[in-house]
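Notes follow the structure.
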Amino acid sequence: MTEDSGVAAWAALLRTHAAVVRALERELEQTQNMPLAWYDVLLELNSAPDRRLRMAELGERAVLSRSRVSRIVDELARAGLAAREPDPNDRRGSWAVITDAGRARLRAAAPGYLDGIARHFADHLTAQERAAITTGLTRVLDAAAGSDAAARR
């Protein structure tokens, strides 16, 4: 692969991500009165063991900055969709937990979110293209995870 094709792929990824995220944000706000960041955090909490994550782990999983994740969890808690619980084993740490109301709100928003992903992204690609994107981006993520692990040693 030439350097130019790598840069072109990177630029296409960034532009596509920005365009699709904008469309999903707009639709989720209009149809569910829910920010996409709320959906992202609720989705991560709902899929976690016991439907809870340490705040630091949530910050690593969500596609938001750690400080933004903390603010989002506070907003979700005020809305009754999540709660913060102190970690009895670590006084400095806390858990973010999805509430029953948060799970219901996530379930209500999911069909529109998934439809938006299909309409704004997946429907424009063949099955082979979707598989290639998944394979390639997973390889990049795995390499990044390995680099992160090596840097922490």
Side-chain angles (χ1 to χ4, degrees), residues 10 13-125 127 129-153:
W10 175 246
L13 172 69
L14 292 178
R15 286 192 304 273
T16 301
H17 176 268
V20 172
V21 165
R22 275 193 304 273
L24 293 174
E25 284 175 336
R26 183 177 54 253
E27 290 176 4
L28 205 55
E29 282 280 356
Q30 289 173 351
T31 63
Q32 298 296 319
N33 194 29
M34 177 187 285
L36 183 58
W38 283 25
Y39 188 91
D40 182 36
V41 169
L42 290 173
L43 185 63
E44 291 298 339
L45 291 174
N46 194 58
S47 64
D50 298 323
R51 295 189 172 85
R52 64 179 44 233
L53 288 169
R54 289 184 50 83
M55 288 298 295
E57 189 176 3
L58 179 58
E60 291 171 7
R61 286 184 175 199
V63 291
L64 305 165
S65 69
R66 285 187 184 182
S67 63
R68 182 129 187 258
V69 165
S70 183
R71 287 193 305 273
I72 297 297
V73 170
D74 289 343
E75 291 171 8
L76 289 167
R78 283 192 295 276
L81 305 178
R84 272 193 200 241
E85 295 179 355
D87 184 345
N89 300 318
D90 179 1
R91 287 185 219 179
R92 296 174 298 149
S94 63
W95 293 87
V97 183
I98 191 169
T99 63
D100 289 342
R103 292 189 71 218
R105 189 84 186 273
L106 180 66
R107 278 193 304 274
Y113 177 75
L114 296 173
D115 178 66
I117 290 172
R119 285 183 296 103
H120 299 295
F121 180 71
D123 289 353
H124 303 282
L125 303 166
E129 289 167 334
R130 290 190 302 267
I133 289 168
T134 301
T135 300
L137 293 180
T138 299
R139 191 175 315 123
V140 172
L141 283 173
D142 290 346
S147 295
D148 288 347
R152 285 191 297 269
R153 286 187 226 143

How long is the span from the [atom1] atom in [X] to the [atom2] atom in [Y], to the nearest 0.5 Å?
| X | Y | atom1 | atom2 | value |
| --- | --- | --- | --- | --- |
| Trp10 | Arg15 | CH2 | CZ | 12.0 Å |
| Glu129 | Thr134 | CD | OG1 | 11.5 Å |
| Leu53 | Ser94 | CG | OG | 11.5 Å |
| Ile133 | Thr138 | CD1 | OG1 | 11.0 Å |

Provide the closest heavy-atom pair for [X] versus [Y] in the form atom of the first, atom of the second, distance.
| X | Y | answer |
| --- | --- | --- |
| His120 | Val20 | O-CG2, 3.4 Å |
| Ala77 | Ala83 | CB-CA, 4.5 Å |
| Tyr39 | Ala110 | OH-CA, 3.4 Å |
| Pro35 | Leu28 | O-CD2, 4.1 Å |
| Ile72 | Ala37 | CD1-CB, 3.8 Å |
| Val69 | Gly59 | CG2-CA, 4.1 Å |

Side-chain heavy-atom pair [X], [Y] within 4.5 angstrom cut-off:
| X | Y | result |
| --- | --- | --- |
| Leu141 | Leu137 | no |
| Trp95 | Met55 | no |
| Arg105 | Asn33 | yes |
| Ile98 | Glu44 | no |
| Arg78 | Asp74 | yes |
| Glu29 | Leu36 | no |
| Ser70 | Arg84 | yes |
| Leu45 | Arg51 | no |

So does [X] pair up with [Y], basic N to acidic O under 4.0 Å?
| X | Y | value |
| --- | --- | --- |
| Glu57 | Arg61 | yes |
| Glu27 | Arg119 | yes |
| Arg92 | Asp87 | no |

Is the number of heavy atoms from other residues, nucleotides or ligands within 6.0 Å of [atom1] ([X]) greater than 12?
| X | atom1 | value |
| --- | --- | --- |
| His124 | NE2 | yes |
| Asp50 | CG | no |
| Asp123 | CG | yes |

Any donor-acceptor N/O pair, Arg130 side chain to Ala122 backbone, under 3.5 Å: yes
